[in-house]
*Asks:* 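Take this structure, written in structure tokens, and hold onto it; I'll ask about it next.
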Amino acid sequence: MTTAPAAPSSPHVMNTYGRLPIALSHGQGCRVWDVNGREYLDALGGIAVNTLGHNHPQLVAALQDQVTKLIHTSNYYHIPLQEELARLLVERSGMTNVFFCSTGLEANEAALKLARKFGHDKGIERPEIVVYEKAFHGRSIATLSATGNPKVQAGFGPLVEGFIRVPINSIEQLKAATANNPNVVAVFLEAIQGEGGVNPMHMDYLRDVRALCDERDWLLMIDEVQCGMGRTGKWFAHQWAGIQPDVMPLAKGLSSGVPVGAVVAGPKAASIFAPGNHGSTFGGNPLAMRAGVETIRIMEAQGLLANAATVGAHLKAALERALAAELASGAVKEIRGMGLMLGIELAKPCSALVQRAADAGLLISVTADSVVRLVPSLILTVAEADQIVAILCPLIQTLLKETA
Ligand SMILES: *Cc1c(COP(=O)(O)O)cnc(C)c1O
């Protein structure tokens, strides 16, 4: 078996992704078919985007209805669907106000601007924001500067200044890195790091960071772009810790595949922006908002939070059983994550698994070189979870036996 060729797929598309030699044509639920009619079980969900799977009848009908009414207007006018999605997000997060944009990095840019203006408003001229090792926040100049991955940053210096980097899950190192620094304005973290290798923040750590932010008057900003929108079995992953952030960027799963981003703010951050401070042409347009509203309604009608929790727990336990010997020997280092956001860390690089799994009819991704990432649609069934295990685990075992 071979690994994916790095060749560009077209002389006209800019060569930014190492693509598999597969072109998908259509999908149904957690299954997709390529242009040659081959079927795949989709355990990637468009990278945690396709919350409702493919071709969900209610979502399709709602979007068909919406395109006949309005696709886009402008934020120069009131947009009732935007007000409705904002209300749904506020009710489910316990926060107060929402800004809409179109992508994850754009949501994070807004969060970074909120933090800086929060500082300026209280007389801090050179605000600094705490960020994390292995973090991923996007690929704009500011968000790649906040990202903790040298590969993402290489070639794009000078980076944006004003970031302090710490390791995850150590309140002592966070305190040490910020000691006697009056310029700190915010702590910016993913409740479960996604691209960095599915690394969860400990619940105690999240509570300790919340307490420290309160004590020091910093904003707690939790990037829920990947781990939010029901993926862990609660609306937002930080809710497992019983805390609330001041700022919460969202994107990926929020509108089931229609491009969208959002920044949800609590009382401490809700009034930082005034007219003229921030904006987005596409942000919050009727099509994306309708998709978000319908996604949330369908998730609740179908009980998809509970499904993510129970099918995710089943999948994790089944992976642990199937890879018990490899876990015992250390060849599989850890299986971690919550709900339908799982990572299987191997003791060796494993990006070859992506093509091999596709050859066997399964779509997955590998992140941080050695972590198999599973972020399927939240409609995944127990039978589909079992099928993931049945296809994936033998491939992992074969790869582990090969000498590099
Ligand atoms: C994907 C991701 C982003 C970036 O989202 P884009 O829509 O690709 O800009 C930011 N933060 C996290 C945690 C992500 O997983």
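Just follow the structure's listing: the first ligand is 1, and inside any ligand the first atom is 1.
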*Asks:* Which residue holds the protein heavy atom closest to atom 6 (P) of ligand 1, what is that atom called, and what is the gap in Å?
*Replies:*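 Scanning the protein heavy atoms, the shortest distance from atom 6 (P) of ligand 1 goes to Gly104 N, 3.5 Å.
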*Asks:* Ligand 1 versus Glu190, non-hydrogen atoms closer than 4.0 Å: side chain, backbone, both, neither?
*Replies:*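 Looking at Glu190 and ligand 1, just side chain atoms fall under 4.0 Å.
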*Asks:* Is atom 8 (O) of ligand 1 in close reach of the protein, with a heavy atom under 4.0 Å away?
*Replies:*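 No.
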*Asks:* Side chains of Gln355 and Asp359: any donor to acceptor distance under 3.5 Å?
*Replies:*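 The criterion, which ignores hydrogens and geometry beyond distance, is satisfied for Gln355 and Asp359.
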*Asks:* Angle class for the Phe99/Phe273 ring planes (parallel below 30°, perpendicular above 60°, tilted otherwise)?
*Replies:*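 Ring orientation, 0 to 90° scale: perpendicular.
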*Asks:* State the atoms of ligand 1, each with its element, that fall below the 4.0 Å cut-off from a heavy-atom position in Leu105.
*Replies:*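 The list of qualifying atoms is 4 (C), 5 (O), 6 (P), 9 (O).
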*Asks:* Are Glu402 and Lys348 close enough, and set up right, to give a salt bridge (charged side-chain N to carboxylate O under 4.0 Å, His left out), and what steps lead you there?
*Replies:* CA-CA 10 Å; Glu402 292 165 4; Lys348 68 194 264 192; 5.3 Å; no
*Asks:* Are the side chain of Asp246 and the backbone of Leu220 linked by a donor-acceptor contact shorter than 3.5 Å?
*Replies:*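 Present.
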*Asks:* Ignoring hydrogens, just give me the one of Ile192, Asp223, Leu189 whose non-hydrogen atom is nearest atom 13 (C) of ligand 1.
*Replies:*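 Checking each option, the heavy atom nearest atom 13 (C) of ligand 1 is found in Asp223.
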*Asks:* Donor-acceptor pair, distance only, cut-off 3.5 Å: does the side chain of Asn108 make one with the backbone of His137?
*Replies:*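 Yes: the side chain of Asn108 pairs with the backbone of His137.
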*Asks:* Which of the atoms of ligand 1 are close to Asn108, meaning less than 4.0 Å from one of its heavy atoms?
*Replies:*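 Those of ligand 1 that fall under 4.0 Å from Asn108 are 10 (C), 11 (N).
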*Asks:* I need the contact type for Val225 against ligand 1. Using non-hydrogen atoms and a strict under-4.0 Å cut-off, is it side chain, backbone, both or neither?
*Replies:*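 Within the 4.0 Å criterion, Val225 contacts ligand 1 through side-chain atoms alone.
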*Asks:* Under 4.0 Å, heavy atoms only, figure out whether ligand 1 is touched by the backbone of Lys252, its side chain, both or neither.
*Replies:*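 Side chain only.
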*Asks:* Are any of the N or O atoms of Gln226 closer than 3.5 Å to those of ligand 1?
*Replies:*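 Checking ligand 1 against Gln226, an N or O pair does fall under 3.5 Å apart.
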*Asks:* Looking at Asn97 and Ala270, would you say the former's side chain and the latter's main chain have a donor-acceptor pair under 3.5 Å?
*Replies:*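 Checking the backbone N and O of Ala270 against the side chain of Asn97, no donor-acceptor pair under 3.5 Å is found.
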*Asks:* Taking atom CZ of Arg207 as the centre, does the number of heavy atoms from other residues, nucleotides or ligands within less than 6.0 Å exceed 12?
*Replies:*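 Atom CZ in Arg207 is packed in, count exceeds 12.
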